[in-house]
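Below is one structure, written out as structure tokens, with a few remarks after it.
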Amino acid sequence: MSNTKEQLIELFKIRKARVGVIGIGYVGLPLAVTFADAGFEVVGVDPIEEKVAMINSGESYILDVEAAHVKKLVEAGKLRATSDYAELQKVDAVSICVPTPLRKTGDPDLSFIMSASKSLAPYMHKGIIVVLESSTYPGTTREMVLPTLSDASGLKVGEDFFLAFSPERVDPGRKDWTTLNTPKVIGGLTPNCCEVAEAWYCQALETVVPVSSCEVAEMTKLLENTFRMINIAMVNELAIMCDRLKIDVWEVIESAATKPFGFMKFTPGPGLGGHCIPIDPLYLSWKLKSLNYTARFIELASEINSNMPRYTVSKIQDALNDHKKPLKGSRVLVLGVAYKPDIDDVRESPALDVIHLLQEKDAKVSYHDPFIQSLNQESISLKSEPDLMAAVKAADCVAIITNHSNYDYAAILDAAKLIVDTRNALGKSGKDHPKVVRL
Ligand code: SAJ
């Protein structure tokens, strides 16, 4: 099969192009479903057999994708999954949505991108388009993905095949902005690449934003997430400064947020979690280091955010001290361990650091999280407390680390002996309350 650019664009317009999505996780599955909803026949490729089996049996493992939706698409023959990359030899378009974590050394880990590209390379053919969605440093698509795809196939990018970058903008748990309606930036290796990528994505997504190169698209994503990371670090440091000044940082932020222009509200917390915000900016600072430039804002923000779990444990220790209890031997209940409210993801969650530090100081640590039944990572092996209120009553200190919205905070305030509220989850009822210490 070998489509020309015009033939490929036509296939997109009549929704006859066959689509592949490599990596059917929190980005890839919503994307696959959105392409299938638009009428494309989609095959999801993932090495994890249980994910493949669940999709093919009409189930979903992603909170944002309803199982019934998957089932309907699978039964209509619009969506299926496989772990066999050879299935990609029949597709006209492939999105790569694989993780881009950090190595233990703090350097970018491109192994998933390279593995996906190398697995796809044997099935490259004339007239296919490949779009990388994984957040990464500027230059990755051109320097790493392009040679992997073109060297093996001998195909020429922009003529024989097309290659672009389009940053994912999935916000797990969000209902108002979805894959369908969130504007999608796309940058091609060549103008032809961008034209083809735009022709594809605009069939399924409401707004496509073409930019002049894949580097601009890669950098766009890093600006978005670096902006968040630095502003979160700024309010985290504000919390520390307000603590020294004996000023209520939450009241300061609320009053600043009344400014209708020129201000954007961020709130302090026990640290920075997730697989995007703490990580993407470090891809950028790493790349700049290779160009002998130090991205000082990113490095300082990362240092401040990384210190917040330790600062949180010091607040817990001081609060217990004020109640004549040493941290050592005290029962501390951590409330909420997901990296942000109302999701079931603990990746990079500051709760893990807080628990680890508490255990290091010989506190008796337990946790409760309605979304996370057990924690088995790093040196932590705990199960969520089965009876929340009994656990609250038994604790010497309850530390609200992730403010899930389905907690009955009034009941928790009533039952607890002492609360360290790192998220202002108690709101005004926690302000100046004898049992409550706020960040
Ligand atoms: N956090 C704070 N204070 C804040 C905001 C967040 O401490 O004011 C913490 C959260 O508790 C969490 C971490 O930062 O631990 C990240 O929170 P997040 O709201 O940024 O959530 P993410 O990581 O799911 O970010 C996603 C990102 N989406 C993509 O990367 C595609 C991000 O770009 C979005 O802006 C963000 O969702 C969003 O807007 O909610």
Side-chain angles (χ1 to χ4, degrees), residues 25-28 30-31 62-64 97 99-102 133-136 165-185 205 217-240 249-250 252-254 256-257 263-284 301-302 304-309 311-312 334-354 369 371-372 400-405 421-425 438-439:
Y26 85 93
V27 174
L31 187 65
I62 297 290
L63 277 179
D64 296 345
C97 306
T100 44
L102 288 176
E133 295 235 346
S134 308
S135 307
T136 185
F165 182 83
S166 179
E168 57 92 359
R169 281 177 164 173
V170 174
D171 179 16
R174 187 184 277 274
K175 302 280 182 249
D176 51 354
W177 292 104
T178 62
T179 299
L180 175 66
N181 68 357
T182 302
K184 201 78 165 59
V185 168
L205 307 181
E218 288 161 334
M219 192 65 173
T220 298
K221 172 69 181 180
L222 296 183
L223 169 58
E224 290 165 15
N225 285 5
T226 300
F227 164 79
R228 262 182 100 68
M229 182 248 215
I230 284 175
N231 279 285
I232 292 164
M234 188 265 290
V235 289
N236 280 334
E237 186 170 48
L238 189 78
I240 296 169
V249 68
W250 301 98
V252 168
I253 291 170
E254 285 313 314
F263 181 78
M264 185 172 179
K265 176 181 168 185
F266 289 87
T267 52
L272 194 60
H275 30 78
C276 304
I277 308 305
I279 290 172
D280 298 348
L282 300 186
Y283 268 65
L284 179 57
S302 185
I304 290 171
N305 288 328
S306 303
N307 182 56
M308 290 312 285
Y311 177 71
T312 298
V334 170
L335 226 43
V337 295
Y339 80 76
K340 72 175 183 180
D342 306 333
I343 65 166
D344 62 353
D345 192 340
V346 291
R347 278 179 290 184
E348 306 292 324
S349 174
L352 302 176
D353 299 313
V354 168
D369 190 307
F371 294 88
I372 298 169
I400 301 175
I401 299 297
T402 303
N403 46 326
H404 291 306
S405 50
D421 181 2
T422 71
R423 297 288 187 178
N424 192 28
R438 303 203 296 180
L439 204 57

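Just so you know, ligand 1 is whichever comes first in the structure, and atom 1 is the first atom listed for that ligand.
With respect to atom 37 (O) of ligand 1, the closest heavy atom belonging to the protein is D171 OD1, 2.8 Å. The protein atom (non-hydrogen) at minimum distance from atom 1 (N) of ligand 1 is I232 CD1, 3.7 Å. The nearest protein atom to atom 9 (C) of ligand 1, hydrogens excluded, is given as L272 CD1, 4.0 Å; this is a heavy-atom distance. Of the protein's non-hydrogen atoms, I277 CG1, 3.8 Å is the one closest to atom 25 (O) of ligand 1.
Evaluated for a side chain to side chain contact (heavy atoms under 4.5 Å, CB included) with P268, the options I253, N424, T422, T312 yield exactly one hit, I253.
Atom numbering of ligand 1 starts at 1 in the shown order; those under 4.0 Å from a heavy atom of F266 are 8 (O). Of all atoms in ligand 1, listed by their number and element, those nearer than 4.0 Å to a heavy atom of T267 are 2 (C), 3 (N), 4 (C), 7 (O), 8 (O). Residue-ligand proximity, V170 to ligand 1, at heavy-atom distances under 4.0 Å covers atoms 28 (N), 29 (C), 31 (C). Residue contact check: G273 has heavy atoms under 4.0 Å from atoms 12 (C), 13 (C), 15 (O), 16 (C) of ligand 1.
When E133, K221, K265 are ranked by how near their heavy atoms come to atom 30 (O) of ligand 1, first place goes to K221. The option with the heavy atom closest to atom 21 (O) of ligand 1, from among E224, K340, H275, is K340. Comparing Y339, F227, W177 by heavy-atom distance to atom 10 (C) of ligand 1, the nearest is Y339. Among R347, R228, M229, the residue whose heavy atom sits closest to atom 34 (C) of ligand 1 is R228.
For the pair R423 and ligand 1, a heavy-atom separation below 4.0 Å is found.
Using cut-offs of 30° and 60° for the angle between ring planes, the Y26 and H275 rings count as tilted.
The backbone N or O of A338 lies less than 3.5 Å from a partner atom in the side chain of T402, making a donor-acceptor pair. Within the 3.5 Å criterion, the main-chain N or O of S405 finds a donor-acceptor partner in the side chain of D342. Here the side chain of S349 pairs a donor or acceptor atom with the backbone of V337 at under 3.5 angstrom. Put simply, the side chain of K184 gets close to the backbone of P167: a donor and an acceptor are under 3.5 Å apart. Here the side chain of K221 pairs a donor or acceptor atom with the backbone of E168 at under 3.5 angstrom. Counting only distance, with no hydrogens or angles, the side chain of Y339 and the backbone of D344 share no donor-acceptor pair below 3.5 Å.
N181 and T178 share a donor-acceptor pair across their side chains, judged by distance under 3.5 Å alone.
Not a single N or O atom of P172, backbone or side chain, sits closer than 3.5 Å to an N or O atom of ligand 1. Some N or O of N225 is nearer than 3.5 Å to an N or O of ligand 1, by distance alone. Distances between N or O atoms of R169 and those of ligand 1 include no value under 3.5 Å.
Salt-bridge annotation for D171 and R169: absent, with no side-chain N of the basic residue lying under 4.0 Å from a carboxylate O of the acidic one.
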